[in-house]
Visitor: 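I am attaching a structure below and will ask some questions about it afterwards.
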Amino acid sequence: MAARGPQVEMPKQPPEERVDNFDEVAQGYTEEMAIEEALRCLTCPNPQCIKGCPVDIDIPGFIDLMKQGKFDEAIKEVKEKNALPAICGRVCPQESQCQKFCILGIKGDPIAIGRLERFVADWEQEHGVEVPGNPDNNGGKVAVVGAGPAGLTVAAELAKLGHDVTIFEALHNAGGVLTYGIPQFRLPKEIVQAEVNYVQKLGVTINLDAMIGKLYTISELFADGFDAVFIGSGAGLTRFLHVPGENLNGIYSANEFLIRTNLMRAYKFPEYDTPINVGKIVAVIGGGNVAMDSARSALRLGAEKVIIVYRRGREELPARLEEVENAEEEGVEFMLLNNPVRFKGDDLGRVKQMEVIRMELGEPDESGRRRPIPVEGSEYLIDVNTVVIAIGQTPNPIIQRTTEGLETTRWNTIVVDEETMQTSIEGVYAGGDIVSGTATVISAMGAGKKAAKAIHEYIFKKS
Amino acid sequence: MNRILTKRTLTQNVKLFEVEAPLIARKAKPGHFVILRFHEKGERIPITLAGSGPKRGTITIVFAEVGKSSTQLGNLEEGDEILNLLGPLGNPFPLDNYGTILCIGGGVFIGALIYHMKALKEAGNKIVAVLGSRGKKHLFFVEEAKEVADELYVTTDDGSAGLEGLVFLEDLLKERSFDHVFTIGPTSLQKEVSEMTRPHGIRTTVNLFPIMVDGMGMCGACRVTVGGETKFACVDGPDFDGHEVDFDELISRMRVYNPQEKIAMILYQRVV
Ligand SMILES: Cc1cc2nc3c(=O)[nH]c(=O)nc-3n(C[C@H](O)[C@H](O)[C@H](O)COP(=O)(O)OP(=O)(O)OC[C@H]3O[C@@H](n4cnc5c(N)ncnc54)[C@H](O)[C@@H]3O)c2cc1C
Ligand SMILES: Cc1cc2nc3c(=O)[nH]c(=O)nc-3n(C[C@H](O)[C@H](O)[C@H](O)COP(=O)(O)OP(=O)(O)OC[C@H]3O[C@@H](n4cnc5c(N)ncnc54)[C@H](O)[C@@H]3O)c2cc1C
Ligand code: SF4
Ligand code: SF4
Ligand code: FES
């Protein structure tokens, strides 16, 4: 194997500057950097990297075109398999997917596949997006619930196959977590909107402010002439700690905190009308990506001190390493092996103090991580002005409550056939976080692709 | 879409809109609310339905101009379109023939109260209604209430329309028997009513409106403690058993953005 140098670094805003703005932290490759990084790829005849990509992008193929500076052809190659490359290139956990399998990773740095994907996607945005001609409408009518990555992917795939697709999205913007959850500084909303526009240009209709279960039930969709329904309603319901004082003012679910900040742009209050309260000391409870996003947002919203409080150790932090490092660079403090047991308020009902208990690690539990055990008598108080609870999300509840005959698990996720993504109801498919529980953007898209294929076959069999 | 067909000024700061929204109208029931936004930088504003016309394809809302957003909303005119309108949200009031039902509504929610009363009347109930407000000039829809109610009491904080405050209710509850009480209006009123009916053991349904953001059960902004458990008003409510609600917590949570809202209003008034 030819020796290869290290990965080409991607320029970032310096930490001391970026904590004062919501602009994107990672600034992307230049053309020269992109070609230099592409040239590191060995164009393996039996490429391992593809194994790690849930949507099977021809990775050596598009990188090879980049080597020759054929960015226009490279992006076409990517879009064969992935309708949302500018998003995936930014937020895929590449280190545990495609890049994990890259042969160069055995001895040195794997190819920066995500960064290259991002580059060609951004390049296309700048140079004008080409939309494939719409095929004749020769298929069926499909309704998609939710405009998150799962729903957008199903819709794009089916539209390309000639079906008439309508997305019903409850919020006033499309994108799901990409729009309301992941902060601007990691994934600019303009990028999400551009990808959504692309899906619309493929012929997909998006109805916003349309909540299925309320405006129409699933069975009413069939009565209205839809041949199949895909449910991609996501897992956006925040879990609470259920400890005393949790309803004090100043205690947010991560979801509320991020929806106010991202979807409603509270960071621009009062130019935007939605307010948010961020005090001097902010404690974020939890250790995943959602906790990191909340902590880094709190800094940008003006907090003086932001502490991540996590009940296990550093090794066990579920967030991507890159995000933990970004948070640390920006000055987020970590209080590991600690867990809140109660919140105390002032006489106006605002949170003032948090009682935490120290934890130690015992034997590994079902998740394979060592189980945290409270150390008896180790409780102590710390001062806090704002608390964000980011200990996990559960499925959005409306569809399950309003759809008779839909089989769900005890976690309220929807049960599907793993091959076809069909639910317990004929013609109704589901995928993404509503099936798997909180996962990743690309796995939601992978599920969407599987479902699209099955829906296409179902409609042809039926007609 | 979402065109304002009718605009009426009901009192100095209360407006009524009839909005073209056929899909929502088809499903709308008393107890439902909508969330609307009328410009790109606007917040999501929840408002209870005060009527629906499934045939005409309309819904009716009645709102008070209390801060920046509601004041701006009140500046929209007939023919204008509302940018975003999501609904119907929440669970409708459980319509049933309870027997004799006491319906107490106050402030801007009198519109919603009458929507409830009409449906309860149709379901066969005998209705004793109480309309409350700060003063005579803040009252509206008294004639409409008279038409639906079997018996009507009108009361104000300052006594300017006859009765004063809720003291008379003590006697009414003692002398008469009611099968159910329903109350909608300012949270302080709902709390007071619940306290008064508690000793009589009359089931009392309240209609809560904590601060909301998404209105679809995701964010938990609207959480209220009911019977010791945390509930989300937007998807578990907005109706709850008034004897189980922790009203003090609710009232404190509803005030949390008051300082910011004041700033927004002052800045807004400076511009207009
Ligand atoms: C803060 C945060 C950060 C994350 N960071 C990353 C990351 O860096 N990388 C990564 O890969 N993953 C990340 N994830 C996870 C990832 O975003 C999700 O796995 C993914 O978005 C799931 O896609 P989905 O389409 O299944 O659902 P969602 O994105 O949740 O979309 C569901 C959509 O359905 C709508 N909906 C719900 N109910 C209804 C209804 N009844 N009617 C109509 N519409 C409805 C919702 O409004 C929403 O728009 C993150 C998640 C969060 C919350
Ligand atoms: C389910 C529900 C139904 C409602 N129905 C009606 C109605 O029929 N008529 C009516 O006039 N008002 C109704 N409201 C209240 C209405 O939403 C608020 O008055 C409005 O959002 C105030 O906005 P503002 O900017 O004008 O005032 P602000 O100055 O921002 O706030 C004034 C007060 O309104 C409340 N409020 C502010 N933001 C919100 C929010 N996002 N959600 C809920 N309350 C908020 C707060 O208690 C605050 O103290 C309802 C609220 C809910 C949750
Ligand atoms: S979509 Fe994600 S997993 Fe697939 S190649 Fe791109 S970055 Fe890697
Ligand atoms: S495994 Fe690595 S080097 Fe080989 S083709 Fe894939 S990205 Fe290129
Ligand atoms: S308003 Fe967000 S959960 Fe009720």
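Everything numeric here is computed off the predicted structure, so don't read it as measured data. Here is how names work: the chains are called A, B, and so on, in the same order as the sequence lines, proteins then strands, and each is numbered from 1.
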Visitor: So does A/K352 have more than 12 non-hydrogen atoms from other groups sitting under 6.0 Å from NZ?
Guide: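 No, the 6.0 Å shell around NZ holds no more than 12 heavy atoms from other groups.
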Visitor: Closest heavy-atom contact between A/G349 and B/S252?
Guide: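 Answer, listing the atom of A/G349 first, then B/S252: CA-OG, 4.0 Å.
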Visitor: Which atoms of A/E220 are under 4.5 Å from chain B, going by heavy atoms: the side chain, the backbone, both sets, or neither?
Guide: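 The answer is the side chain of A/E220.
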Visitor: Chain B heavy atoms under 4.5 Å from A/I251: which part of the residue, side chain, backbone, both or neither?
Guide: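 Both parts, backbone and side chain.
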Visitor: Using 4.0 Å as the upper bound for N to carboxylate O, is an ion pair formed by A/R401 and B/D236?
Guide: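 Salt bridge: yes.
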Visitor: Report the distance from atom OG of A/S253 to atom CE of B/M218, rounding to the nearest 0.5 Å.
Guide: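 Here the rounded value is 9.5 Å.
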Visitor: Closer than 3.5 angstrom, by distance alone: can the side chain of B/R26 be matched with the main-chain N or O of A/L215 as a donor-acceptor pair?
Guide: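 Yes; at least one donor-acceptor contact below 3.5 Å.
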Visitor: Pick whichever of A/N247, A/L237, A/L248 has the most heavy-atom pairs under 4.5 Å with chain B.
Guide: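 Between A/N247, A/L237, A/L248, the count favours A/N247.
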Visitor: Show the nearest heavy-atom pair for residues A/P397 and B/G217, with the distance to one decimal.
Guide: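 Reported closest heavy-atom pair: CD-O, 4.4 Å.
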Visitor: Is the number of heavy atoms from other residues, nucleotides or ligands within 6.0 Å of NZ (A/K280) greater than 12?
Guide: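 No, not enclosed.
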Visitor: So for B/L85, is it side chain, backbone, both, or neither that comes closer than 4.5 Å to the heavy atoms of chain A?
Guide: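 Backbone only.
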Visitor: Pick one of side chain, backbone, both or neither for A/Q393, based on which atoms fall under 4.5 Å of a heavy atom in chain B.
Guide: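 Interface part for A/Q393: neither.
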Visitor: Mind running side-chain contact (heavy atoms from CB on, under 4.5 Å) on B/R44 and A/L171 for me, showing each step along the way?
Guide: CA-CA 10 Å; B/R44 292 167 68 88; A/L171 290 173; 4.0 Å; yes
Visitor: Does atom CD of B/E122 have more than 12 heavy-atom neighbours, drawn from other residues, nucleotides or ligands, at distances under 6.0 Å?
Guide: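 Incorrect, the count does not exceed 12.
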Visitor: Would you give the length of the straight line joining atom CZ of A/R260 to atom SG of B/C219, rounded to the nearest 0.5 angstrom?
Guide: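 With rounding to 0.5 Å, CZ (A/R260) is 7.5 Å from SG (B/C219).
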Visitor: Are B/K68 and A/D273 close enough for a salt bridge, meaning some N to O gap below 4.0 Å?
Guide: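 Here B/K68 pairs with A/D273 in a salt bridge, since their nearest N and O are under 4.0 Å apart.
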Visitor: Could you check whether atom CD of A/E404 has more than 12 heavy atoms from other residues, nucleotides or ligands sitting under 6.0 Å from it?
Guide: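 No, because the 6.0 Å sphere around CD of A/E404 holds 12 heavy atoms or fewer from other groups.
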Visitor: What closest approach, in Å, do B/G42 and A/T274 show between heavy atoms, and which atom pair accounts for it?
Guide: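 Heavy atoms of B/G42 and A/T274 come nearest at O-OG1, 4.4 Å.
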Visitor: Is the shortest heavy-atom distance from the side chain of B/D214 to the side chain of A/Y180 under 4.5 Å?
Guide: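 No, every pair of side-chain atoms sits at 4.5 Å or beyond.
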Visitor: For the NE2 atom of B/H39 and the OH atom of A/Y272, what is their distance to the nearest 0.5 Å?
Guide: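 It is 10.0 Å, given to the nearest 0.5 Å.
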Visitor: About how many Å separate CE of A/M211 and CD1 of B/I24, when rounded to the nearest 0.5 Å?
Guide: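 If we round to the nearest 0.5 Å, B/I24:CD1 and A/M211:CE are 10.5 Å apart.
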Visitor: Less than 4.5 Å apart, side chain to side chain, heavy atoms only: is that true for B/E40 and A/H172?
Guide: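 A side-chain contact under 4.5 Å is absent here.
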Visitor: Just checking B/K27: does its NZ atom have more than 12 heavy atoms from other residues, nucleotides or ligands closer to it than 6.0 angstrom?
Guide: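 Enclosed: over 12 neighbouring heavy atoms sit under 6.0 Å from NZ of B/K27.
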Visitor: Ring-plane angle category for A/Y252 and B/Y257, please: parallel below 30°, perpendicular beyond 60°, tilted otherwise.
Guide: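 Tilted.
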Visitor: So for B/V213, is it side chain, backbone, both, or neither that comes closer than 4.5 Å to the heavy atoms of chain A?
Guide: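 Answer is side chain: those atoms of B/V213 sit under 4.5 Å from chain A.
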Visitor: Shorter than 4.5 Å, heavy atoms on both sides: which option in A/M264, A/E246, A/H242 has the most such pairs with chain B?
Guide: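 Sorted descending by pairs with chain B, the first entry is A/M264.
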Visitor: Is there a salt bridge (charged side-chain N to carboxylate O under 4.0 Å, His left out) between B/E43 and A/R265? Walk through the geometry before answering.
Guide: CA-CA 10 Å; B/E43 58 188 330; A/R265 309 216 175 204; over 6 Å; no
Visitor: Between A/K214 and B/M216, is any pair of side-chain heavy atoms under 4.5 Å apart?
Guide: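 No. Closest side-chain heavy atoms not under 4.5 Å.
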Visitor: Once you round to the nearest 0.5 Å, how far does CD1 of B/I35 lie from CG of A/D209?
Guide: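 Between atom CD1 of B/I35 and atom CG of A/D209 there are 10.0 Å.
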Visitor: Between chain B and each of A/I259, A/I398, A/L208, A/N396, count heavy-atom pairs under 4.5 Å; write down the option with the most.
Guide: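 Result: the option with the highest number of such pairs is A/N396.
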Visitor: May I ask you to check whether over 12 heavy atoms, not counting those of B/R255, lie within 6.0 Å of atom CZ?
Guide: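 Counting other residues, nucleotides and ligands, CZ of B/R255 stays at 12 neighbours or fewer.
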Visitor: Does any backbone or side-chain atom of A/I389 lie under 4.5 Å from a heavy atom of chain B? Answer side chain, backbone, both or neither.
Guide: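 Interface part for A/I389: neither.
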Visitor: Tell me, side chain or backbone of B/I211 under 4.5 Å from chain A's heavy atoms, or both, or neither?
Guide: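 For B/I211, the side chain is the part near chain A, not the backbone.
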Visitor: Could you tell me whether the side chain of A/N249 reaches within less than 4.5 Å of the side chain of B/R253, counting heavy atoms only?
Guide: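 Yes. Closest side-chain heavy atoms under 4.5 Å.
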Visitor: Please classify the contact between A/A210 and chain B as side chain, backbone, both or neither, with a heavy-atom cut-off of under 4.5 Å.
Guide: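 Contact with chain B is through the backbone of A/A210 alone.
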